[in-house]
Amino acid sequence: QELGQQKMLRSMDDVVYSLVQGKQMEPADLTQLLNMLNWKKNDHFLCIRIKTQQNEGKTVMEHVLHSDLFRIFSEGYILFSGHEQCVILNLTRCEDYRNQLRQLAQLCREHQLYVGTSSPVDGIQELHGAYTQAGIALDRALRNRKEKRLMQFSECAMDYLVQKVSSPLT
């Protein structure tokens, strides 16, 4: 039974990863994910991407961070991908996500983390856009280094758009 649960959880990670990557998926997989998490298709979501300063493999620090994220975002979905942690937060079901973000900011200071958050999106099908926004904000936080560790997409969206428009069209 435990192996079956691990397989189901692994497949749910695959479904969430497909969602944030904007890949096609089986409707049954999406329905299973929504049922498992008690989410609805039209709920409101926020995507948070977190990266440590270290880039070599899964470190003890990354495991500790994963545990801390589960403690802070107990009703969110946390995905470990590459050298990043990704939190999908269902704002419709979340009591006080701003307090959770304050706790995350404290974690950033304690563990030298960099965080990018998306703007809220409407509907689970919009997670790819939210993931992209959080990635843009994370890249900005990484470039700023110690200036600001937690960057919201809304804080860097205008600069990002100006940069994209002014770069040569290819």
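Just so it is clear, the values below take in all heavy atoms, side chains as well, and ignore hydrogens, waters and symmetry mates.
- Looking at Leu104 and Val115, their side chains come closer than 4.5 Å, going by heavy atoms from C-beta outward.
- Between Phe45 and Pro120, every side-chain heavy-atom pair lies at or beyond the 4.5 Å cut-off.
- Leu46 CG to Leu101 CG: the interatomic distance, rounded to the nearest 0.5 Å, is 6.5 Å.
- Looking at His111 and Leu65, their side chains never come closer than 4.5 Å, going by heavy atoms from C-beta outward.
- The salt bridge (charged side-chain N to carboxylate O under 4.0 Å, His left out) contacts involving residues 69-78 comprise Asp68-Arg71, where partners must be two or more places apart or lie in separate chains.
- Rounding to the nearest 0.5 angstrom, the gap separating the CD1 atom in Ile50 from the OH atom in Tyr114 is 14.0 Å.
- Counting all heavy atoms, side chain and backbone alike, Gln100 lies closest to Ile72 at NE2-O, 3.0 Å.
- Between Ser119 and Gln133 the shortest heavy-atom distance is N-OE1, 2.8 Å.
- Under the 4.5 Å side-chain heavy-atom criterion for grouping Ile, Leu, Val, Met, Phe, Trp and Tyr, Val15 is connected to Val121 within one hydrophobic cluster.
- Heavy atoms only, all atoms of each residue included: Cys47 and Ala134 are closest at O-CB, 3.6 Å.
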Q: Evaluate the criterion side-chain contact (heavy atoms from CB on, under 4.5 Å) for residue pair Asp122 and His44; output intermediate values, then yes/no.
A: CA-CA 5 Å; Asp122 297 330; His44 307 289; 2.4 Å; yes

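- Asn99 is listed as a side-chain neighbour of Arg102, based on a closest heavy-atom distance under 4.5 Å.
- For the side-chain contact (heavy atoms from CB on, under 4.5 Å) with Tyr77, the qualifying choice from Leu127, Asp13, Val87 is Asp13, the only one to do so.
- Annotation: side chain of Phe80 is in contact with side chain of His66 (closest heavy-atom distance under 4.5 Å).
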Q: Please report the C-alpha distance between Trp39 and Ile88 in whole Å, then the side-chain angles of each, then the deciding distance to 0.1 Å, and finally whether the side-chain contact (heavy atoms from CB on, under 4.5 Å) criterion is met.
A: CA-CA 11 Å; Trp39 290 356; Ile88 307 298; 3.8 Å; yes

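- Not one N or O on the side chain of Asp29 forms a donor-acceptor pair closer than 3.5 Å with the backbone of Met25.
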Q: Evaluate the criterion side-chain contact (heavy atoms from CB on, under 4.5 Å) for residue pair Val16 and Leu33; output intermediate values, then yes/no.
A: CA-CA 8 Å; Val16 172; Leu33 176 73; 3.8 Å; yes

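- Under the 3.5 Å distance criterion, the side-chain polar atoms of Arg93 are matched with a main-chain donor or acceptor of Asn38.
- Of all non-hydrogen atoms in Gly116 and Ala137, the two that sit nearest each other are CA-CB, 3.6 Å.
- Checking side-chain atoms of Ser74 against main-chain N and O of Phe70 turns up no donor-acceptor pair under 3.5 Å.
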Q: Begin with the C-alpha distance, continue with both residues' side-chain angles, and end with the deciding distance and a verdict on side-chain contact (heavy atoms from CB on, under 4.5 Å) for Leu30 and Lys41.
A: CA-CA 9 Å; Leu30 181 58; Lys41 277 186 179 181; 4.0 Å; yes

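- Atom CG of Leu19 and atom CE of Met12 lie 10.0 Å apart (nearest 0.5 Å).
- The stretch residues 16-27 participates, sequence neighbours left out, in no side-chain hydrogen bond (donor to acceptor under 3.5 Å, both in side chains) pair at all.
- Here the closest non-hydrogen pair linking Gly76 and Leu89 is CA-CD1, 4.2 Å.
- From Thr92, atom OG1 reaches atom NZ of Lys40 across 10.5 Å, with rounding to the nearest 0.5 Å.
- Closest heavy-atom contact between Phe73 and Ile78: O-CD1, 4.3 Å.
- Tracing side-chain contacts under 4.5 Å through hydrophobic residues (I, L, V, M, F, W, Y), one never reaches Ile48 starting from Met151; they form parts of separate clusters.
- How far CG of Leu107 is from CZ of Arg149: 11.5 Å, rounded to the nearest 0.5 Å.
- Ser118 contributes atom OG, which lies 12.0 Å from atom CG of Leu138 (distance to the nearest 0.5 angstrom).
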